[in-house]
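Each chain gets a letter, A, B and so on, in the order its sequence line appears, and its residues count up from 1.
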Protein chains: 2
Amino acid sequence: MENSQKALVLLRQIIRSTDMQDKEISRGTGVTPPQLMVMQTLRENTQLTSGELAKEMVLTQATITSILDRLEKKELVARERGKDDKRKVWVSLTDKGTELMKGAPTTQQDIFVRNFEDMQNWEQSMVVASLERIAFMLNAQHLDAAPLLDIGELDRTQQ
Amino acid sequence: MENSQKALVLLRQIIRSTDMQDKEISRGTGVTPPQLMVMQTLRENTQLTSGELAKEMVLTQATITSILDRLEKKELVARERGKDDKRKVWVSLTDKGTELMKGAPTTQQDIFVRNFEDMQNWEQSMVVASLERIAFMLNAQHLDAAPLLDIGELDRTQQ
DNA sequence: AATTATTAATTAGATATGCTAATTATATTT
DNA sequence: AAATATAATTAGCATATCTAATTAATAATT
């Protein structure tokens, strides 16, 4: 088989694998994958407005609103109207939400990290370099397909 | 940053990237991502029963049924009751469905393949080896989390 | 200053996903 | 023949996601 074909098959396998992990976490925590992704984004950014969240996750504001509604009902996130600019709504994890994020999600990552660290140093570097290559190619691909769109996106991924 | 952290970030980036590509294809073809995935699976396997499809995609039969309903209404797939065993329903792409699969989806892959083939041979091998490593680690991870489950799954990915 | 335009978020309404449980039809077993 | 198993569908529910319309607040313009 061609190397490129192998790469594609492996990529699909990897994506499938993480997808199933997500579902597993989801079942374990009682939080759906999209909800979990919102929470992960919040964990990394402390405070975001609905709009920023939507942009970051490439979803409509309306979609984010409905996901937040459900997360708020479970008391995993809190909304607070902006004091400076009252149109804005700042979203953040509650204590309960932070607590939940300390559980299952990291466990999975820990396993990955443990396995990863079992590799020789040269192999680790090789893997990282390869992933960088792939990420770059996929990005180029995306740019090919949508030439003018979202410069912001490009900036962000290159930081 | 740790190598393992870098790897995680890159993986997330890659998944995000392919995710957005899927959405793009979806917009271009008027077929939703899950529907597209069903069609891809069918393209690779010519003929499958609903049940086999469900197993392959790790979804419930009920879910597959509803996706097939919509694909059938668009005349992209056809259902045929099994003659030998009348409980089974064989699903396949229609001409129209096959035609559609020749368009956008492959275009995206083509870009990837072209980029990939621009790499030196040693680099191609490196990337494939790395992806294999990752795929294996993610699989191990999955097994750690769900020890006894789905031997069939394991068989399939190791073929 | 008053009007107009823009921005931020929500609501309303539609379609699609995905689940579990129940149902229908056919095959297999005892 | 009766009981059990299998394949697919249906029904009913919660969620996700979109577009279009609405509400509220801020910014810009005349």
Quick one: list whatever passes side-chain contact (heavy atoms from CB on, under 4.5 Å) with [X], sequence neighbours left out.
X     : answer
B/K96 : B/E75, B/L76, B/T94
A/E99 : A/K102
B/E2  : A/E117, B/S4, B/Q5
A/L10 : A/Q13, B/V128, B/L131, B/E132, B/A135

**Prompt:** Does anything in residues 60-80 of chain B reach DNA chain D, meaning a heavy atom under 4.0 Å, and if so which residues?
**Reply:**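 When residues 60-80 of chain B is checked for heavy atoms under 4.0 Å from DNA chain D, the hits, listed by number, are B/Q61, B/A62, B/T65, B/R79.
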**Prompt:** Is there a residue in residues 82-90 of chain A whose heavy atoms reach under 4.0 Å of DNA chain D, and which residues are they?
**Reply:**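 Listed by number, they are A/D84, A/D85, A/K86, A/R87.
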**Request:** List for me each residue that meets salt bridge (Lys or Arg N to Asp or Glu O under 4.0 Å) alongside B/R70, sequence neighbours excluded, and say none if there are none.
**Result:**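 For B/R70, no residue satisfies salt bridge (Lys or Arg N to Asp or Glu O under 4.0 Å) once neighbours in sequence are set aside.
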**Prompt:** Who pairs with B/R79 by salt bridge (Lys or Arg N to Asp or Glu O under 4.0 Å), at least two apart in sequence or on another chain?
**Reply:**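 With sequence neighbours excluded, B/R79 shows a salt bridge (Lys or Arg N to Asp or Glu O under 4.0 Å) to B/D69, B/E72, given in chain and number order.
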**Prompt:** With sequence neighbours left out, what residues match A/N3 under side-chain hydrogen bond (donor to acceptor under 3.5 Å, both in side chains)?
**Reply:**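 B/Q124.
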**Asked** Taking only residues at least two apart or on different chains, which pairs with a member in residues 83-93 of chain A satisfy side-chain hydrogen bond (donor to acceptor under 3.5 Å, both in side chains)?
**Response**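 Qualifying pairs, neighbours excluded: A/D85-A/R87.
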**Message:** Please check: side-chain N/O of B/T46 versus main-chain N/O of B/L42, any donor-acceptor pairing under 3.5 Å?
**Reply:**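 Side chain of B/T46 to backbone of B/L42, a donor-acceptor pair under 3.5 Å: no, none is there.
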**Asked** Taking any atom under 4.0 angstrom from a heavy atom of chain B, which nucleotides of DNA chain D are the first and last to qualify, 5' to 3'?
**Response**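 From 5' to 3', the first and last contacting nucleotides are D/dT6 to D/dT10.
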**Message:** Clusters formed by hydrophobic residues whose side-chain heavy atoms approach within less than 4.5 Å: which one holds B/M126, and what are its other members?
**Reply:**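 A/W122, A/M126, B/W122, listed by chain and number.
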